[in-house]
Amino acid sequence: MRWTIKPKPSEDKIKQLAKALNVEDFVATLLVQRGIETFAEAKAFFRPSLEHLHDPYLMKDMDKAVERIEKAILNQENIMVFGDYDVDGTTAVSLVSSYLKSHYPNIATYIPDRYLEGYGVSFIGIDYAEDNDISLIIALDCGIKSIEHVAYAKEKNIDFIICDHHRPGDTLPEAVAILDPKRNDCSYPYDELCGCGVGFKLIQALGQNRDETIEDLIPYLDLVATAIAADIVPMTGENRVLAYFGLKVINDNPRPGIKALVHQVKKQTLTITDVVFIVAPRINAAGRIKHGNHAVELLTEFNFEQAQQFASEIEQYNADRKGLDQQITKEALNQIIEKNEEERFSTVVFQEDWHKGVIGIVASRLIENYYRPTLVFTKSGDKYAASARSVKGFDVYNALEACSEHLEQFGGHMYAAGMTLKAENYNQFKDAFEKKVQETILPEQRIPEIEIDAEINFDQITPKLIRILNQFEPYGPQNMTPVFLTKNIKDTGYAKAMGQYDEHIRLFVKQNNSEGLAVIGFGLGNKMALVTDKKPFEAAYCIDENEWNGKITTQLRLKDIRA
């Protein structure tokens, strides 16, 4: 594990901001590291406002999309809202369909079957639209590369509006409107929205057309915040505003479906991290284990008792998902050892009976063991399908692009992608991918890194600092929870191992004559020897507030320790 301290910004910028905000220098340092250098920028960061959202009509083709939807409503056409089966797709479908249904009845939803249809717009879905006299499809979180599918629909007199956030290819589909801030010819001011975020911009534009205000759309933001959290998009700009107000909805007045998912959680106030680990996996489990339709049913249900019934079914899917991903991870790790592939630059594994719904999770688990770009393949029909995950700084999408001659299709982002290939091309692809990674990955990208924001002493951890750090939330990429370094710490004799296999540690520590602090270290049980007998050590950690029986105490959550 590498510890790197982020470069300290210019002293002048730190001093000016610290003075303007009346905060300590190291708090100003945290802000400048996040690109916040002026009082106005700090105010926007600490006080997100719905007024900071951009005009949706700045997005290319928004006028065409709104015009086509209004025409469909005027002519009483049937509209289908189509989306991917993951959290971003199912929340986006729930958002747009429930908004449209509040104004117009002829709305159908469609989530493709992960196993029969695969990712994105499907021919089966278009045939379903034709069979049901649907003349307009709104595709969410997918479609930017669906050139053949959109052409196929056009032959059947079915129009497409595409709302996507993935990188486009060289050619765009012939849709009526393509809303994607990553289009080269789109000058929208913020291009890091998730698919549900693009869907929200669409209903914002439709709302403006109906003289609705942004306040009228606040009830939909619980869905947008859930998608932002799950899709791991930057927590900056519009995403920060949408997530901030969406979290308020989740905590104060969530839709029955989300309320049913979280009502058993004992916490008073959920954070974005809780959404990532509690809400998102359960919504995802529907599409992974059964069908994404179950997630849309849950998220669009307005009767709480019925929502609780849906939520209990989804809870079971999530339990099944956990069992599967543990079993497949174990089999994949065994395969790496059996094939003597521990020292490779990439992980590429395949077993034909692995459950397609959890291979993405398994890829992430494998990276925890072998820190390198990872692809997990399974059989899908007569082809092989895979999920890819990457390590910090390495663009797995570009690596796949370089090996695309061996692939049938692929798509995704820098850190996560999906692909299919013919069975006979698997070994050639595996060799080509390993070669490409070996040529392009940097030595430091092969070692997990802890980025430390600042070195501090325990006497700086005050109630004021904790109040300020709470205002840094919601956390996410480009605004991660600050990591601090403190040296010369000693356990006060309370160190103990926890967990079924003693895999975690709990400590009560002091630095010099500071007040004692409770410390938890998940997965650090193997470092117990470093802290026993009051040996001095240094720690990289985040500052947490632990809520137990209604009482809130400060706790340090360790990232790593060393002598």
Side-chain angles (χ1 to χ4, degrees), residues 1-9 29-30 32-35 166-167 182 191-192 231-236 329 332-333 336-337 339-349 359-377 386-407 410-419 428-455 475-485 523 538 540 542 559-562:
M1 189 75 79
R2 288 181 297 137
W3 293 22
T4 55
I5 296 185
K6 289 181 185 172
K8 199 169 182 191
T29 302
L30 298 179
V32 178
Q33 282 169 340
R34 286 159 174 71
H166 297 98
R167 291 192 224 174
K182 288 195 176 76
D191 65 359
E192 295 292 353
D231 224 51
I232 317 178
V233 287
M235 195 61 78
T236 57
T329 300
L333 288 168
I336 292 167
I337 292 163
K339 296 192 173 185
N340 296 316
E341 292 178 347
E342 298 103 306
E343 301 303 319
R344 284 169 72 98
F345 285 76
S346 66
T347 297
V348 181
V349 288
I359 54 175
I361 300 170
V362 171
S364 298
R365 299 256 189 271
L366 295 180
I367 287 176
E368 292 169 15
N369 288 269
Y370 296 97
Y371 190 74
R372 58 200 189 191
T374 297
L375 278 62
V376 179
F377 277 89
S387 273
R389 296 292 182 269
S390 195
V391 296
K392 187 177 176 187
F394 185 80
D395 193 326
V396 74
Y397 181 92
N398 285 348
L400 292 173
E401 203 162 34
C403 308
S404 58
E405 65 193 279
H406 306 291
L407 297 171
F410 71 99
H413 313 278
M414 178 172 178
Y415 291 118
M419 74 223 72
Q428 293 149 291
F429 168 76
K430 182 171 175 171
D431 293 342
F433 184 75
E434 168 69 10
K435 185 167 181 279
K436 185 66 189 172
V437 174
Q438 193 170 350
E439 288 167 357
T440 54
I441 197 164
L442 301 173
E444 62 267 24
Q445 289 170 348
R446 300 183 67 204
I447 305 167
E449 177 190 36
I450 293 175
E451 271 199 304
I452 294 163
D453 292 79
E455 182 180 338
Y475 290 119
Q478 295 179 35
N479 179 39
M480 298 300 279
T481 309
V483 177
F484 299 109
L485 165 66
E538 53 191 42
C542 301
K559 306 285 280 184
D560 198 15
I561 53 177
R562 61 189 187 190

Look up atom [atom1] in [X] and atom [atom2] in [Y], then write down how far apart they are to the nearest 0.5 Å.
X      : Y      : atom1 : atom2 : answer
Lys182 : His166 : NZ    : NE2   : 8.0 Å
Met414 : Ser390 : CE    : OG    : 7.0 Å
Asp560 : Ile450 : CG    : CD1   : 4.5 Å
Phe433 : Leu407 : CZ    : CG    : 10.0 Å
Asn398 : Cys403 : CG    : SG    : 11.0 Å
Glu455 : Leu485 : CD    : CG    : 4.5 Å

By salt bridge (charged side-chain N to carboxylate O under 4.0 Å, His left out), which residues pair with [X], not counting sequence neighbours?
X      : result
Glu343 : none
Asp395 : Arg167
Arg34  : Asp453

Hey, does [Y] have a side-chain heavy atom less than 4.5 Å from the side chain of [X]?
X      : Y      : result
Val437 : Phe394 : yes
Phe345 : Thr440 : no
Val376 : Val348 : no
Phe377 : Phe429 : yes

Let me have the donor-acceptor pairs involving side chains of residues 361-368, under 3.5 Å, with sequence neighbours excluded, atom names and distances please.
| from | atom 1 | to | atom 2 | distance (Å) |
| --- | --- | --- | --- | --- |
| Ser364 | OG | Gly360 | O | 3.4 |
| Arg365 | NE | Asp325 | OD1 | 3.1 |

Subject >> Enclosure of Leu333 CG (heavy-atom neighbours >12, cutoff 6.0 Å) >> reply: yes
**OP:** List in chain and number order the residues that pass side-chain hydrogen bond (donor to acceptor under 3.5 Å, both in side chains) with Thr236, two or more places apart in sequence or in another chain; answer none if no residue qualifies.
**Re:**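 For Thr236 the side-chain hydrogen bond (donor to acceptor under 3.5 Å, both in side chains) partners, ignoring immediate neighbours, are Tyr190.
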Original post:
Does Glu538 have any side-chain hydrogen bond (donor to acceptor under 3.5 Å, both in side chains) partners at least two apart in sequence or in another chain, and if so, which?
Top reply: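 Partners of Glu538 by the side-chain hydrogen bond (donor to acceptor under 3.5 Å, both in side chains) criterion, ordered by chain and then number, come out as Arg562.
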Shortest non-hydrogen contact from [X] toward [Y]:
X      : Y      : answer
Ala540 : Trp3   : N-CH2, 3.7 Å
Leu375 : Met419 : CD2-SD, 3.7 Å
Ile441 : Pro373 : CD1-CD, 3.8 Å
Pro477 : Met480 : N-SD, 3.5 Å
Gln33  : Pro7   : NE2-O, 4.0 Å
Pro234 : Gln478 : CG-NE2, 3.6 Å

Subject >> Set of residues satisfying ring-ring contact (aromatic ring centres under 6.0 Å, His included) with respect to His406, sequence neighbours excluded >> reply: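 Here no residue qualifies.
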**OP:** Only counting residues at least two apart or in another chain, list the ones meeting ring-ring contact (aromatic ring centres under 6.0 Å, His included) with Tyr397.
**Re:**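 For Tyr397, the residues satisfying ring-ring contact (aromatic ring centres under 6.0 Å, His included) (neighbours in sequence not counted) are Phe410.
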Original post:
Can you tell which of Arg372, Glu434, Arg389, Glu342 makes a side chain to side chain donor-acceptor pair (under 3.5 Å) with Thr347?
Top reply: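 Single pass found, and it is Arg372.
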Contacts of type side-chain contact (heavy atoms from CB on, under 4.5 Å), residue [X], not counting sequence neighbours:
X      : answer
Glu451 : Thr4, Lys6, Lys392, Glu449
Glu341 : Ile336, Lys339, Arg344, Lys430
Glu444 : Arg2, Leu442
Glu439 : Lys435, Lys436

Subject >> Main-chain N/O of Val233 paired to Glu192 side chain as donor or acceptor, under 3.5 Å >> reply: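 A pair under 3.5 Å: no.
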**OP:** Please say whether the positively charged group of Arg446, taken as NZ for Lys or CZ for Arg, lies over the ring of Tyr371, i.e. under 6.0 angstrom from the six-membered ring centre and within 45 degrees of the axis.
**Re:** no
